[in-house]
Amino acid sequence: DVIDAKRLADQGKSGQEICDILTENKLNASIYITVNTLDYLKKGGRITPAAALLGGMLKIKPILQIQVLGKFTLRYGETVISDEDDRSRKVWAVLAYLIYHREKIISQQELVDLCWGEDTRSSDPHNALKSVIHRIRATLDKLQEGLGRTLLRRKAGCYIWNTDVPLEVDAEVFDTLCSRGAALEGDERLDAYQQALALYSNDILPKLSSELWLVPITTYYHQRYVQTAEESIQLLEEQDRLQEAILLARQAVRIEPYQ
């Protein structure tokens, strides 16, 4: 962010060095999801019964981290899973779809259409979908035993994402920060914008960019990023913070080279 850029400049770093350092830090940005109980962690052996009891008394919730801007990863403690670990595009596409549409009940047919559409090569797409769902749950179980079935439930032939488990998506945080900044003035606006831009390492779910349902979503966030970056650069220039404006412009060009 701006403060880090100034600190690095004071240390004598060149413009390119500062840009590289900030970009690397941005790629490691995370957002957080909490789960409501420590019971599954105790059963899975990740924490001791004593720790679970103490955590429950103190109302401490374990933290699950997820990132969808620039890459698709989920982290719990030292355990990380990402779409680099599993080559099945369908598994990660359906997982992303379920997270994005987590407030709705999704029918089997909707997911079949998502995965296969007009493709008739699968003789039994509904059974193939069950295999995809099984793999999604197994993938989530790598983070925590039982997490797959906790998060992804089936009811009356439909699939439901368990919204009782608090979930925060970084793209939505980015959007909120942009809106908050637009309602503020001066340094407060710039600070909110910088926080938003720090989350945006690249467009949303780049490995799934050709998914039709994702195209308008990607376009929305990309345009919001460009607008926020342009306004931030203008604010920096108005304050005569030209070096920071140049650094931000270089970062923006990596994401939008044609603007």
Side-chain angles (χ1 to χ4, degrees), residues 30-33 35 64-76 80-122 124-144 146-176 199-225:
S30 303
I31 55 93
Y32 300 92
I33 309 163
V35 295
L64 184 67
Q65 299 172 283
I66 190 170
Q67 182 178 353
V68 298
L69 287 171
K71 55 183 177 179
F72 195 3
T73 66
L74 298 93
R75 174 191 293 270
Y76 182 82
V80 180
I81 59 174
S82 76
D83 54 2
E84 299 291 340
D85 303 330
D86 190 330
R87 296 183 179 180
S88 175
R89 180 186 179 89
K90 284 187 174 63
V91 167
W92 290 92
V94 172
L95 177 57
Y97 189 85
L98 290 166
I99 292 173
Y100 186 80
H101 296 93
R102 61 189 180 276
E103 300 294 338
K104 62 179 286 191
I105 298 173
I106 302 176
S107 69
Q108 292 186 59
Q109 189 58 51
E110 183 174 345
L111 294 179
V112 166
D113 293 340
L114 172 72
C115 291
W116 291 279
E118 301 298 326
D119 189 350
T120 58
R121 286 177 291 180
S122 177
D124 190 354
H126 286 83
N127 192 52
L129 175 63
K130 291 180 181 179
S131 178
V132 171
I133 296 296
H134 173 77
R135 292 181 64 181
I136 290 174
R137 286 171 170 161
T139 297
L140 294 172
D141 284 346
K142 294 177 182 178
L143 293 171
Q144 174 186 320
L147 185 61
R149 288 193 175 275
T150 298
L151 288 174
L152 184 52
R153 298 176 175 178
R154 187 180 180 191
K155 183 178 181 181
C158 297
Y159 291 98
I160 306 169
W161 187 270
N162 183 7
T163 55
D164 289 337
V165 179
L167 174 67
E168 188 176 61
V169 180
D170 59 348
E172 295 170 3
V173 175
F174 164 81
D175 196 40
T176 298
L199 289 173
Y200 208 100
S201 60
N202 209 330
D203 288 334
I204 189 170
L205 299 171
K207 293 186 68 174
L208 301 175
S209 60
S210 62
E211 294 288 325
L212 293 180
W213 69 271
L214 192 58
V215 171
I217 299 169
T218 301
T219 301
Y220 170 80
Y221 284 112
H222 184 91
Q223 291 177 345
R224 187 111 211 222
Y225 169 82

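- The shortest non-hydrogen separation linking G70 to S201 is CA-OG, 3.5 Å.
- Side-chain contact between L129 and W116 is present, with heavy atoms from C-beta onward closer than 4.5 Å.
- When L111, L114, I160 are each tested for a side-chain contact (heavy atoms from CB on, under 4.5 Å) with I106, only one passes: L111.
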Practice task
Could you give me the CA-CA distance, side-chain angles and deciding distance for D175 and Y220, then say whether side-chain hydrogen bond (donor to acceptor under 3.5 Å, both in side chains) is met?
Solution key: CA-CA 10 Å; D175 196 40; Y220 170 80; 2.7 Å; yes
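- For the side-chain contact (heavy atoms from CB on, under 4.5 Å) criterion with W92, the lone passing option out of L205, I136, T139 is T139.
- Listed here is the closest heavy atom pair of V132 and V91: CG1-CA, 4.1 Å.
- Of all heavy-atom pairs spanning L140 and L74, the tightest one is CD2-CD2, 4.2 Å.
- Annotation for L199 and D170: closest pair CD1-O, 3.9 Å, computed over non-hydrogen atoms.
- Across every non-hydrogen atom of S107 and C158, the tightest pair is CA-SG, 3.8 Å.
- Evaluation of the side chain to side chain donor-acceptor pair (under 3.5 Å) test over residues 128-138, restricted to residues two or more places apart or in two chains, returns D86-R135.
- Not counting sequence neighbours, the partners of E84 by the side chain to side chain contact (heavy atoms under 4.5 Å, CB included) test are S82, K207.
- Between W213 and Y97, the angle of the ring planes goes over 60°, which puts this pair in the perpendicular group of the 30/60° scheme.
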